[in-house]
2 protein chains.
Amino acid sequence: MTESRPRLRRRIEAEVGECCDADVEQRLAELDELADAAGDGGVDAFAALGNDTRHRLTRLLSAAEGDLCVCELDPLVDVSESAVSHALADLVDAGLASRRKEGNWRYYRSTDLAEDLLAVVDQEGDA
Amino acid sequence: MTESRPRLRRRIEAEVGECCDADVEQRLAELDELADAAGDGGVDAFAALGNDTRHRLTRLLSAAEGDLCVCELDPLVDVSESAVSHALADLVDAGLASRRKEGNWRYYRSTDLAEDLLAVVDQEGDA
DNA sequence: CGGTTATCTGAATAGTCACTCAAGCAGCGT
DNA sequence: ACGCTGCTTGAGTGACTATTCAGATAACCG
């Protein structure tokens, strides 16, 4: 594997003055480890909130004082009731909402994770 | 529009005892307003972090002490360099990374928004 | 200037995803 | 039991999206 990653090598040379292949690979390995340690957790939470319908549902759940049932959410998003159900299931899977059964109704509520994530973008957006 | 939203009406009747159409629509309007006031801001930020490549790049930028150039990031994600460039552009557009030009290199750095969002899911994930 | 370097951009494609439709299921009332 | 209600689930399809390839750009160096 002689002379691998030429660009990166040149960049390190430009920065530090000199650089051998081992230096290159070591720097990469360090970063790789750091990023992996941080984990890739939460990708699905982000993906869930990155869709308009699910985002709006989460906003609604967050804005509501108590919890809401599907028949309350349905009129507020302009997709079919089936789509609402799908979206809510995704939110629960992503840890952004919780479900409670009561008779024939299912009540949804936003989780702390959802609240905190929304708070971050709201706060940062105003800045 | 007599007798609209029958399910919702029944639900409110079950809860409060009685309910007229106006009550139904008013409750919906309130929620709608609340959710809209909160805004739909940040959807693109969430969407950006919801993709594996972009998420990983953000993690790398966040894990790095200073800022990183493309030639450092490229070896750490297994997509083409072009895809890395696309992804980084998306991150900048979403406000999750900033770009700095220096000679022939472009250095990327994660923004506060990115840091805060990642912090939330990391913290919540450990709980 | 011409050549090389590091990165970007646009078009095309492959893959994923969100929606709708139709059917299904559990809980309640009769 | 039966039907009705509120919601869910699965299959299918159209729309979007992430990636790649090829060509472009801008900065540096001779």
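Per chain, numbering begins at 1; letters A, B, ... match sequence-line order. Just the heavy atoms: all of them, side chains too, but no hydrogens, waters or symmetry mates, feed the values below.
Every residue two or more places apart in sequence or in another chain was checked for a side chain to side chain donor-acceptor pair (under 3.5 Å) with B:N51, and none qualifies. With sequence neighbours left out, A:R11 forms a side chain to side chain donor-acceptor pair (under 3.5 Å) with A:E15, B:E72, B:Y107. In this structure, B:R10 has no salt bridge (charged side-chain N to carboxylate O under 4.0 Å, His left out) partners at least two apart in sequence or on a different chain. In this view, A:R109 and A:D67 satisfy the salt bridge (charged side-chain N to carboxylate O under 4.0 Å, His left out) rule, not counting sequence neighbours. Residues passing the side chain to side chain donor-acceptor pair (under 3.5 Å) test with A:T111: none are found, sequence neighbours excluded.
Summarising the hydrophobic clusters (Ile, Leu, Val, Met, Phe, Trp, Tyr; side-chain heavy atoms under 4.5 Å, direct or chained), the residues clustered with A:V43 are none. Clustering of Ile, Leu, Val, Met, Phe, Trp and Tyr side chains at separations under 4.5 Å leaves A:L34 isolated, with no partner residue.
The line from SG of B:C69 to CG of A:L8 is 7.0 Å long, rounded to the nearest 0.5 Å. Rounded to the nearest 0.5 angstrom, A:R9 CZ and A:I12 CD1 are separated by 9.0 Å. Rounded to the nearest 0.5 angstrom, B:L73 CG and B:L88 CG are separated by 6.0 Å. Here A:L96 contributes atom CG and A:S62 contributes atom OG; the two are 11.0 Å apart, rounded to the nearest 0.5 Å. Atom OG1 of A:T58 is separated from atom CZ of B:F46 by 9.0 Å, given to the nearest 0.5 angstrom.
Taking side-chain N and O atoms only, A:Y108 has no distance below 4.0 Å to OP1 or OP2 of D:dG6.
Going from atom OH of A:Y107 over to atom P of D:dC7 covers 8 Å, rounded to whole Å. The separation between B:R9 atom CZ and D:dG6 atom P is 13 Å, rounded to whole Å. If you measure from atom CZ of A:R100 to atom C1' of D:dG6, you get 15 Å, rounded to the nearest angstrom. For the pair A:D52 CG and C:dC19 C1', the interatomic distance rounds to 13 Å; values are reported in whole Å. The interatomic distance linking A:R10 (CZ) with C:dA6 (C1') rounds to 9 Å, in whole Å. At whole-Å resolution of the value, CZ in B:R5 and P in D:dC7 are 14 Å apart. Atom-to-atom, CD of A:E13 to P of C:dA6 comes out at 11 Å; the value is rounded to the nearest Å. Between A:R99 atom CZ and D:dG6 atom C1' the separation is 13 Å, expressed in whole Å.
Closest non-hydrogen pair, B:A63 versus A:A35, comes out as CB-N, 4.1 Å. Between B:S80 and B:D74, the shortest heavy-atom contact is C-OD1, 4.1 Å.
No donor-acceptor pair under 3.5 Å is formed between the side chain of A:R54 and the backbone N or O of A:L49.
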Dump every N/O contact between nucleotides 25-30 of chain D and the protein below 3.5 Å, one line per pair.
residue: D:dA27; atom: N3; partner: B:N104; partner atom: ND2; Å: 3.3

Please list, for nucleotides 12-17 of chain C, all pairs of protein and nucleotide N/O atoms separated by less than 3.5 Å.
none

Give me the distances for all protein-to-nucleotides 14-16 of chain D N/O pairs that come in under 3.5 Å?
none

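In this structure, the helix from C:dC1-D:dG30 to C:dT30-D:dA1 shows an angle of 20° between the axis at its start and the axis at its end, each fitted on 5 base pairs and rounded to 10°.
The stretch residues 69-91 of chain B comes close to DNA chain D through B:V79, B:S80, B:S82, B:A83, B:H86, each having a heavy atom under 4.0 Å from the strand.
Counted within 6.0 Å of CD on A:E33, heavy atoms from surrounding residues, nucleotides or ligands total 12 or fewer; the atom is thus considered open.
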